[in-house]
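Contents: one structure, followed by commentary.
When a residue number appears, it is its place in the shown sequence, counting from 1.
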Amino acid sequence: MPSDDDAPPGVIFVLKNCSDSVNIDNQNRLYPFYMVYISDDGEVICNHLSPKQLLDKMRHLCKGKTEPIPSVYKPLNKETRDGKNMEKYSELLKAAVESIVEVKDESDIDSLFQPGETTLLSKKFSDINDFELVSFLIIKAR
């Protein structure tokens with residue numbers, strides 16, 4: 001997909017939690033699915049707790065497009081050697097999973113200072129192996 005002012009270059013990942021952990025704090029409305037939009041430089045543009053914002057961005061990017069876009073996929077195929085070298089996107093996937101864990105860790109620390117039970121000792125995601133990649137959408141600069 002070509003980027004624009006509202007959607008900078010990066011990747012939108014759709015992941016599925018494949019471990020037996022529960023929806024931490026019931027904050028993720030799409031559980032067991034997680035969506036993260038991460039820029040090419042690894043900055044989180046939209047985290048998993050903002051699914052409506054992320055879905056709106058996807059709809060904006062994809063609206064009216066029914067065919068692959070040669071000006072996007074041809075340079076991507078060249079960059080990745082027809083999908084044989086996906087190292088850059090694997091690193092972005094790791095960063096996306098780390099962003100999910102980071103949000104969880106921040107929430108756990110906040111729970112220490114609020115009335116009720118703490119979530120600090122609840123089951124955590126350990127790494128990328130807790131997630132299955134369902135889909136991804138690469139957004140490239142024009």
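- Neither Val11 nor Tyr73 shares a network with the other; the hydrophobic side chains, linked directly or stepwise wherever heavy atoms of I, L, V, M, F, W or Y lie under 4.5 Å apart, form separate groups for each.
- Nearest heavy atom pair, residue Phe13 against residue Ala96, reads CD1-CB, 3.8 Å.
- Between Glu91 and Lys94, at least one side-chain nitrogen of the basic residue sits less than 4.0 Å from a carboxylate oxygen of the acidic one, meeting the salt-bridge criterion.
- Scanning both residues, Pro8 and Ser3, for their nearest heavy atoms gives C-CB, 4.0 Å.
- For the pair Lys57 (side chain) and Asp6 (backbone), a donor-acceptor distance under 3.5 Å is present.
- Atom OH of Tyr37 sits about 10.5 Å away from atom CD of Glu43, to the nearest 0.5 Å.
- Side-chain contact between Lys140 and Met1 is absent, with no heavy-atom pair separated by less than 4.5 Å.
- Looking only at side-chain heavy atoms (C-beta outward), Phe131 and Ile100 come within less than 4.5 Å of each other.
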Discussion item. Pair Asn17, Glu132 - check side-chain contact (heavy atoms from CB on, under 4.5 Å), show working.
Written reply: CA-CA 6 Å; Asn17 179 358; Glu132 173 185 325; over 6 Å; no
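- Here CG of Leu137 is found 6.5 Å from CG of Leu61. Values are rounded to the nearest 0.5 Å.
- In Lys74, the NZ atom is not crowded: 12 or fewer heavy atoms of neighbouring residues, nucleotides or ligands sit closer than 6.0 Å.
- The CG atom of Leu55 sits 4.0 Å away from the CE atom of Met35 when rounded to the nearest 0.5 Å.
- Taking the side chain as every heavy atom from C-beta outward, Ile139 and Pro2 never approach each other to under 4.5 Å.
- Closest heavy-atom contact between Pro75 and Pro70: CD-O, 3.7 Å.
- Taking both residues in full, the closest heavy atoms of Leu15 and Val134 are given as C-CG2, 4.1 Å, listed atom of the first, atom of the second, then distance.
- Under the 4.5 Å side-chain criterion, counting only non-hydrogen atoms from C-beta, Cys46 is in contact with Gln53.
- Residues Ile45 and Ile38 share a closest heavy-atom pair of CD1-C, 4.2 Å.
- Considering CG of Leu93 and CD of Glu98, their distance stands at 10.0 Å, rounded to 0.5 Å.
- Here Lys16 contributes atom NZ and Leu133 contributes atom CG; the two are 13.0 Å apart, rounded to the nearest 0.5 Å.
- The aromatic ring centres of Tyr89 and Phe136 sit 6.0 Å or more apart.
- Ser39 and Leu92 get closest at one heavy-atom pair: O-CD2, 3.4 Å.
- Looking at heavy atoms from C-beta onward, Ile12 lies in side-chain contact with Met58 at the 4.5 angstrom threshold.
- Taking the side chain as every heavy atom from C-beta outward, Asp40 and Lys88 approach each other to under 4.5 Å.
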